[in-house]
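FYI, side chains are in, hydrogens and waters are out, and symmetry mates aren't considered; it's all heavy atoms of this structure.
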Amino acid sequence: MDGMASRLLLSRARTAATALLCTALICLGADWGVARQSTSFVSVAPGVSASPAAWRPLGSMQGLVKAGPLSPLVKANAGRPFGLLLSAVCASALLLRRARVARWGKGKPQTTTGVRVRKPKNNALRNSSIATFEELTTRKRYDPLCFMHRRRFARPRHSPISLASGTGRESGHTHKMEDKHARVYRIIDFGRTKRGMYGTIETIEYDPYRNARICLVSYEDGERRYILHAVGYFVGQQIISGTDAPIFVGNALPLDKVPIGTMVHNVEMNPGDGGAVARAAGQSAIVLSRDDRYVTVKMPSSEVRLLDKRNWCTIGKVGRTEHQLIKLGKAGKSRQLGWRPHVRGSAKNACDHPHGGGEARSPIGHKHQMTPFGKCAKGLHTRKPGMASDKFILIRRKKKSGKN
């Protein structure tokens, strides 16, 4: 406790010393401004040269003071001792307030735009980060496109558990979830079916059902729709969906109209089904080549495959690329997002999990980690062999760095 108090006193002493130094600079600059206006001072002062070169150091300091944000106070109170003193006091108060805001407001500085590091008030918050929500323009949602999606999340009434632990998520609309928040679903226009009509982005909003932001678009006929927010969107931007739409961020058009090397998102897998690929925060696909029937696209998973040239996509990259830098820090934050805790397999009995059983802290008893159903949990290919779409996959996806 003594160490914390000493550090606090040292911080306050440094802030006060900085304020006094700035006050002295202001006073020195103002006094020198008064002296420069009086030619008699230079002529009668003993041992002082009347050449301008002798006053150049002080003149540069005066310019430094006058070039700052406090220059209006110095100019207005030049030659007025009481006004100058009042200006110095105000400047000191502003500096102290700025230091206090920097110390109490956000803890550590921001690591990147959109992410703020929490102050370590306890061990759970140390090195944790949250979103700043600085890209949002409103807190109100457009109710005609919202509804409460009520579902039991793999919790049927006739049995306690239907899926493995960690897969269930709560919606927050029941009375048993006091510490959760009810989530309202927003209807998103993934198909961009409003063709040949310009729309204006009105707001950038928060969506609790996805890690990206959404935009409310108002079209020329008065209809409003939600679309995914991409990097570069701004309020008032004009967007259009059409076969001859210009190649600009936010416009939707078929894959065969997209130039080679363009980043796209919200890509359809089948014509008319709506966007299904590259919809998460910071994701995008790249158009590599095309032929008479298909377009070669590199997926966000590094897989390269052929897609029908009639599939529609949206130009640009999904916004909020800094989402992967957010660290929740504590279990309570996950509960607020609706995720329930799960029990480790090694903590169960042998009849409930392949990792269970044994005395005290026993190993899992298998060469590789296993799922509750006895399958390999790490590195097993889950794609069914011999599927009809295998011929469209040119290059299989690669393992991500650091993943098993």
Side-chain angles (χ1 to χ4, degrees), residues 113-114 133-147 184-287 290 295 297 300 307-321:
T113 304
F133 304 97
E134 60 188 32
E135 67 274 6
L136 304 183
T137 60
T138 180
R139 296 176 63 92
K140 297 181 180 180
R141 57 179 180 263
Y142 186 61
D143 290 334
L145 294 177
C146 303
F147 70 96
V184 179
Y185 186 83
R186 279 80 163 169
I187 301 175
I188 310 297
D189 181 19
F190 292 115
R192 297 293 296 272
T193 56
K194 205 76 171 176
R195 307 288 165 78
M197 186 178 300
Y198 278 95
T200 305
I201 297 179
E202 290 187 342
T203 59
I204 300 175
E205 303 179 13
Y206 170 80
D207 189 354
Y209 272 86
R210 63 195 72 253
N211 51 17
R213 307 305 185 202
I214 59 177
C215 299
L216 182 63
V217 180
S218 175
Y219 289 93
E220 295 176 347
D221 59 351
E223 185 180 359
R224 288 179 171 85
R225 293 187 180 184
Y226 277 124
I227 64 172
L228 294 177
H229 173 260
V231 177
Y233 281 12
F234 58 90
V235 176
Q237 178 180 346
Q238 297 283 334
I239 60 175
I240 189 173
S241 175
T243 56
D244 56 347
I247 307 302
F248 192 77
V249 174
N251 294 340
L253 60 164
L255 281 174
D256 62 338
K257 302 293 183 181
V258 178
I260 304 300
T262 304
M263 287 196 305
V264 295
H265 68 278
N266 192 31
V267 185
E268 290 182 340
M269 290 294 293
N270 299 304
D273 288 353
V277 178
R279 302 192 320 192
Q283 299 298 323
S284 64
I286 302 177
V287 178
R290 66 168 59 91
V295 176
V297 179
L307 294 178
D308 196 309
K309 68 177 184 179
R310 298 172 298 173
N311 293 346
W312 284 67
C313 64
T314 307
I315 304 298
K317 181 179 182 179
V318 183
R320 204 187 173 208
T321 58

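Gln237 CD to Phe248 CZ: the interatomic distance, rounded to the nearest 0.5 Å, is 5.5 Å. In this structure, CG in Leu216 is found 7.0 Å from CG in Leu145, a value given to the nearest 0.5 Å. Residue Asp143 holds its CG atom at 9.0 Å from CZ of Arg186, rounded to the nearest 0.5 Å. In this structure, Thr138 OG1 and Ile204 CD1 are separated by 11.0 Å, a value rounded to the nearest 0.5 Å. The distance from the CD1 atom of Ile315 to the OG1 atom of Thr262 is 5.5 Å, given to the nearest 0.5 Å.
Taking 4.5 Å as the limit, some side-chain heavy atom of Asp207 sits within range of a side-chain heavy atom of Ile188. A 4.5 Å side-chain heavy-atom check between Val297 and Asn311 finds every atom pair outside the cut-off. With contacts defined as side-chain heavy-atom distances shorter than 4.5 Å, the pair Leu228/Thr314 does not qualify. Between Phe190 and Asn266 there is a side-chain heavy-atom pair separated by less than 4.5 Å. Between Tyr198 and Val217, the closest side-chain pair of non-hydrogen atoms is not below 4.5 Å. Residues His229 and Cys215 form a side-chain contact, since some pair of their non-hydrogen atoms from C-beta on lies under 4.5 Å apart. Between Cys313 and Arg192, every side-chain heavy-atom pair lies at or beyond the 4.5 Å cut-off.
Closest of all the heavy-atom pairs between Ala278 and Ala285 is CB-N, 4.2 Å. What you find for Gly199 and Tyr219 is that their closest heavy atoms are CA-CD2, 3.8 Å. Here the closest non-hydrogen pair linking Glu202 and Val235 is O-CG1, 3.2 Å. Heavy atoms only, all atoms of each residue included: Ala276 and Met269 are closest at CB-CG, 4.3 Å. Smallest separation of non-hydrogen atoms from Arg141 and Cys146: CD-SG, 3.7 Å. The two residues Phe147 and Ile187 have their closest heavy-atom pair at CE2-CG1, 3.9 Å.
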### Query
Could you walk me through whether Ile227 and Ile239 pass the side-chain contact (heavy atoms from CB on, under 4.5 Å) check?
CA-CA 11 Å; Ile227 64 172; Ile239 60 175; 3.5 Å; yes

### Message
Run Gln238 and Thr200 through side-chain contact (heavy atoms from CB on, under 4.5 Å) and show every step you take.
### Response
CA-CA 5 Å; Gln238 297 283 334; Thr200 305; 2.9 Å; yes

### Task
Begin with the C-alpha distance, continue with both residues' side-chain angles, and end with the deciding distance and a verdict on side-chain contact (heavy atoms from CB on, under 4.5 Å) for Arg225 and Thr193.
CA-CA 10 Å; Arg225 293 187 180 184; Thr193 56; 2.8 Å; yes

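Between the side chains of Arg224 and Thr203, not a single donor N or O lies within less than 3.5 Å of an accepting N or O.
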Please tabulate, for side-chain N and O atoms in residues 249-259, each donor-acceptor pair with protein atoms closer than 3.5 Å (sequence neighbours left out).
from, atom 1, to, atom 2, distance (Å)
Asn251, OD1, Ile240, N, 3.1
Asn251, ND2, Pro246, O, 2.9

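Put simply, the side chain of Tyr226 gets close to the backbone of Tyr142: a donor and an acceptor are under 3.5 Å apart. Panel note: side chain Glu268, backbone Gly274; a donor-acceptor pair is recorded below 3.5 Å. Of the possible donor and acceptor atoms, none in the side chain of Arg320 sits under 3.5 Å from a partner among the backbone N and O of Val318.
For Asp273, the salt bridge (Lys or Arg N to Asp or Glu O under 4.0 Å) criterion is met by no residue, not counting sequence neighbours. For His265, there are no ring-ring contact (aromatic ring centres under 6.0 Å, His included) partners at least two apart in sequence or on another chain.
A 6.0 Å sphere centred on CZ of Arg310 holds no more than 12 heavy atoms belonging to other residues, nucleotides or ligands.
Each of Glu205, Glu134, Glu135 was evaluated against Arg213; a single residue qualifies, Glu135, per the salt bridge (Lys or Arg N to Asp or Glu O under 4.0 Å) test.
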